[in-house]
Every structure is written in C-alpha cells, then in structure tokens.
Amino acid sequence: MNLLNVKAAWKGEELINSPYWNYRLTPEELAEIEASIHTLKGSDPQTIQFKQLRKTLEAVSEELENGKGVVLLKGIPVEQYSEEELAEIYLTLCRQMGKPVRESNSNFDSPCRETKQFITYIRAEAPDSSQKDKQSNDAFKFHTDRCDVNSLLCVRQAREGGENRLASAITIYHEMLQSHPEIAEDLFKEIPFFFEAENNWITYPLWCIHNGKFTTQYSSAYVRLSQLIAGAPRLTEKQKQGLDLLEEIGLKVGIMLRLEPGDWLIANNHVIYHARSSWPIESGVYDRLLLRAWLSPFNSRELPDKPAFRAMWGAVEAGKPRGGFLPNHPTPPNQTIKEPLSETESYWLAQYMKGRWRGVDQIK
C-alpha cells in the first residue's frame, strides 16, 4: 500500500485553496436561477438552458471527481422562494451535473416522508430516531451515503448546533497507514454492513483503490447494526480498532463548518466523509431545513466489477446511474419506482426499515 499523490488528500486548512470552496455565485449566475424559477412555473424543467451557470457546474463536477472532492457554493437566494420552488430549481441545478438517484427516505415504508424520491427535506421531526419513521436531530459520526455525490442546500439554519464536519478519506488512510499500517491494511478487506437485501446484511470493503482511484463506503451505524444480526460476519479486532481510528483521525484532519441559508455543499462520497452535530428542535425561522439530493455525475469513476460492488451500487460502470435506495431494482436508480414492490423486496425492505429506525432487536 502506498500514499496517493492526489488533490483529494487534504487537511482542513488546505481546503481553502480550492477555487470552488466558498465560491460566491455571480450576478449573472443568480439571474439565470431567477429566470429558471419563472420558467419552471409554466414549462418542463428539461427545457431550461443555463449558460454561465452550466460552465460553473461543469467545473464543479471536475473539482468533485478530480480535485478536492468537495465544494461550497454560496449565495442562492433561498429566502425569495417557497420550499416547493426551491426543491424544483435545486433538482434542476443538480441535473446539470448528473442524474439524481432515489434516496433512502423513498417513502416505501415511511408515511411521514415527502413523496418525492429524489429530494429529502432534512429537518428534525422528533428528538430521537427511535420514534417511528421520523427524522431526528441526532449527531452523526463520519460516514458516506450510498451515492457518488451528496448535495445539501441550506434553507434555514438552527439557532445553534447543526454544524457539518468534513474529512478527506484519503488523508485518514494516509495517516493510519503511517501510524498503524497493519490496521490500515485490514480496512481493505470486506466488512459487514446492514442492508436492505436478503438476510439484511452484505460484506463490502471499507477502502479500495481501483484504477488508481481511492473509493470508500462507510457508515458506523450500519456496520454496528450488522453485528446484531445472527449469521452476519464478525468484525476482526483490527477492523474495530481501524473504525475507531477513522473517527479519531477524521476529527483531527477535517474541518467543521456551519452552513448559512443559501449555501450549497456538494461532496464526493468516494473520497469525503461527512458528519453533523445535534441541534435544538425549534419552529419558525429556526426550524433547521436542508434539501438533500443524491447524484450519479456524468463524470463518475468506474468501480470494481465485483459482487460486493454490484450489490452495493447496482452498476459499476463510469457515468452510470447507480447507488441510492434499492440499487438493484428493475427500475433504474434515477427513475421513480411506481409499481408495488415484489413480495420478497417488501419483506426485506420492511425488516431493514424496522432496524434502521428502531434497532435490529425490533426485527422479528
């Protein structure tokens, strides 16, 4: 195993050197957003044509895949539009970079969720995630989402708390390789994940290098939940130590930021871990609200053509829609599932949702 000489191997203070970190949208780009809002009221979103903004988002896509792996765009006038208008134009902007894929809130077993499968309204609905099908204000450790790119638009911020953390997965790998090489090596082996497929678990390598590119997929919650399922493989001691080190190193080499209304944060899940702190549940102007979209960019990388990657992502070819919720469903990940799920899909999905929201001990 060797160190990777890539731009995505950054430490917190180095992120400011990215041309698209704290990039403020220009008056010309904002005018294109304003014009698109009016167009959306009477036309098909596919008819909208951006000019300068399209060029900017093409450069953003390049930065996400071959640069630092994360960008922060500022200045979207969220206060001027309704939540419904924002969701529509936000999805239209995301489509300039790739294809949105179904999210994990896709309303299959969750009546409290939005019906749209490509936008999640991130807000606190309950003080903890044990309440049936409700989002919480829990703090999350470093993790990735099951998509190539994770996109967040801040509409409202909490009075306090709700900060986001970011860390380069490659930098964490480098630091661990130098301090604990034998532990770092173990994280390239497949580990168990809680999953919505048969038996509710699969195995997948936490870290992988394919065609010279680093890729990771990780959620401490889903790894932990897998260990409560009879028959799922057990983590090795080195892997347990590695997961603790991942969090410890990430807190040292990453950054914490507080999104402001109008901020658009976009991260490449293959190279960036993200986390968040908790916040008080309030209403009105302090009802923290982020809009989230999951994307398969047009310029996404190829993934290894192996069973674990096919199971996790569905497709592994570069530029293909993949990941998201139920990636191996007959309906492609970038399309809405409208027909009823099969009996088998419904069963394992129900088991997964019970475990996801209320713990594996609730699975019968």
Side-chain angles (χ1 to χ4, degrees), residues 4-25 29 53 56-76 90 93-94 96-98 100-101 103 120 122 140-154 157 162-175 206-207 213-219 246-247 249-277 290-301 303 323:
L4 300 174
N5 183 22
V6 293
K7 295 178 182 178
W10 50 264
K11 293 185 179 179
E13 65 274 11
E14 298 168 344
L15 193 56
I16 60 173
N17 297 323
S18 167
Y20 291 101
W21 185 255
N22 283 326
Y23 174 87
R24 187 160 291 277
L25 296 175
E29 291 164 343
L53 197 51
T56 297
L57 294 180
E58 285 176 352
V60 163
S61 292
E62 175 65 17
E63 179 69 14
L64 290 170
E65 180 59 28
N66 298 306
K68 290 289 197 296
V70 61
V71 304
L72 179 60
L73 311 182
K74 301 181 75 70
I76 295 179
Y90 175 49
L93 291 171
C94 287
Q96 305 305 303
M97 296 181 288
V101 297
E103 297 200 31
T120 297
I122 304 292
F140 289 163
K141 292 184 176 181
F142 283 120
H143 66 282
T144 61
D145 293 324
R146 199 199 311 165
C147 56
D148 293 298
V149 164
N150 183 59
S151 173
L152 292 170
L153 174 64
C154 180
Q157 186 53 275
E163 293 88 1
N164 293 87
R165 284 188 178 275
L166 302 167
S168 163
I170 301 176
T171 298
I172 294 173
Y173 158 60
H174 286 175
E175 296 284 315
L206 180 75
W207 291 341
K213 287 195 169 186
F214 185 96
T215 180
T216 184
Q217 178 65 205
Y218 173 59
S219 168
L246 184 155
E247 186 74 18
I249 295 171
L251 292 173
K252 292 179 181 177
V253 303
I255 63 165
M256 183 171 71
L257 67 152
R258 182 176 171 80
L259 294 178
E260 301 173 350
D263 285 355
W264 185 7
L265 178 66
I266 318 172
N268 184 334
N269 275 293
H270 296 288
V271 295
I272 302 296
Y273 293 128
H274 60 278
R276 79 178 189 198
S277 64
L290 306 182
L291 301 185
R292 186 183 71 185
W294 286 357
L295 304 178
S296 285
F298 301 126
N299 66 338
S300 67
R301 66 194 58 200
L303 297 175

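Just so you know, these numbers use all the heavy atoms, side chains as well, and skip hydrogens, waters and symmetry mates.
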Problem - Any donor-acceptor pair under 3.5 Å from N150 side chain to A267 backbone - result: no
Practice task
Could you tell me the separation between the CG atom of L15 and the CG atom of L72, rounded to the nearest 0.5 Å?
Solution key: 8.5 Å
Exercise for the section: Taking the side chain as every heavy atom from C-beta outward, state whether V253 and H174 have any pair of such atoms under 4.5 Å apart. Expected result: no
Exercise for the section: Calculate, to the nearest 0.5 Å, the distance between atoms CD1 and CD belonging to I172 and E247 respectively. Expected result: 8.0 Å
Handout entry: Residue pair E29 / Y23, side-chain donor-acceptor N/O under 3.5 Å
Key = yes
Problem - Point-to-point distance, once rounded to the nearest 0.5 Å, from CD of Q217 to CG of L206 - result: 9.0 Å
Exercise for the section: Considering non-hydrogen atoms only, spot the tightest contact between A169 and F214 and give its length. Expected result: CB-CE2, 3.8 Å
Practice task
Keeping the roles fixed (side chain from S18, backbone from Y20), state whether a donor-acceptor pair exists under 3.5 Å.
Solution key: yes
Practice task
May I ask you to test the L73-L57 pair for a side-chain heavy-atom distance under 4.5 Å?
Solution key: yes
Handout entry: Carboxylate-amine/guanidinium contact E65 K213, below 4.0 Å
Key = yes
Practice task
Consider only side-chain N and O atoms of T215 and H270, and report whether a donor and an acceptor are under 3.5 Å apart.
Solution key: yes
Problem - Minimum-distance pair of heavy atoms, taken over all atoms of L295 and C94 - result: CD2-CB, 3.6 Å
Practice task
Would you confirm whether E63, through its side chain, and K68, through its main-chain N or O, come within 3.5 Å as a donor-acceptor pair?
Solution key: yes
Handout entry: Nearest heavy atoms of W10 and E14, plus distance in Å
Key = CA-OE1, 3.3 Å
Exercise for the section: Find out whether E103 and D145 are in side-chain contact, i.e. whether some heavy atom of one side chain is under 4.5 Å from a heavy atom of the other. Expected result: no
Exercise for the section: Determine whether D263 and L257 make a side-chain contact, defined as any pair of heavy atoms from C-beta on separated by less than 4.5 Å. Expected result: no
Exercise for the section: Could you pull out the closest heavy-atom pair between Y273 and L246, with the gap in Å? Expected result: OH-CD1, 3.6 Å
Completion exercise
Note: I76 and L153 closest approach over all heavy atoms is CD1-CD1, 3.8 Å
Fill in the blank from the handout: CG (N269) and NE2 (H143) are apart, to the nearest 0.5 Å, by 8.0 Å
Problem - Main-chain N/O of A8 paired with S168 side-chain donor or acceptor, under 3.5 Å - result: yes
Exercise for the section: Could you tell me whether the side chain of L53 reaches within less than 4.5 Å of the side chain of L25, counting heavy atoms only? Expected result: yes
Practice task
Determine the minimum heavy-atom distance between K7 and N66, stating which atoms define it.
Solution key: CD-O, 3.9 Å
Problem - Under 3.5 Å: donor-acceptor pair, side chain of H274, backbone of F142 - result: no
Problem - Side-chain touch M97/P297, heavy atoms, less than 4.5 angstrom - result: no
Handout entry: Heavy-atom check, side chain of N164 versus side chain of L152, under 4.5 Å
Key = yes
Practice task
Take the angle between the ring planes of W207 and Y173 and call it parallel below 30°, perpendicular above 60°, tilted in between.
Solution key: perpendicular
Exercise for the section: Report yes if some heavy atom in the side chain of W264 is under 4.5 Å from a heavy atom in the side chain of V60; otherwise report no. Expected result: no
Handout entry: Basic-acidic side-chain contact under 4.0 Å: E175, K11
Key = yes
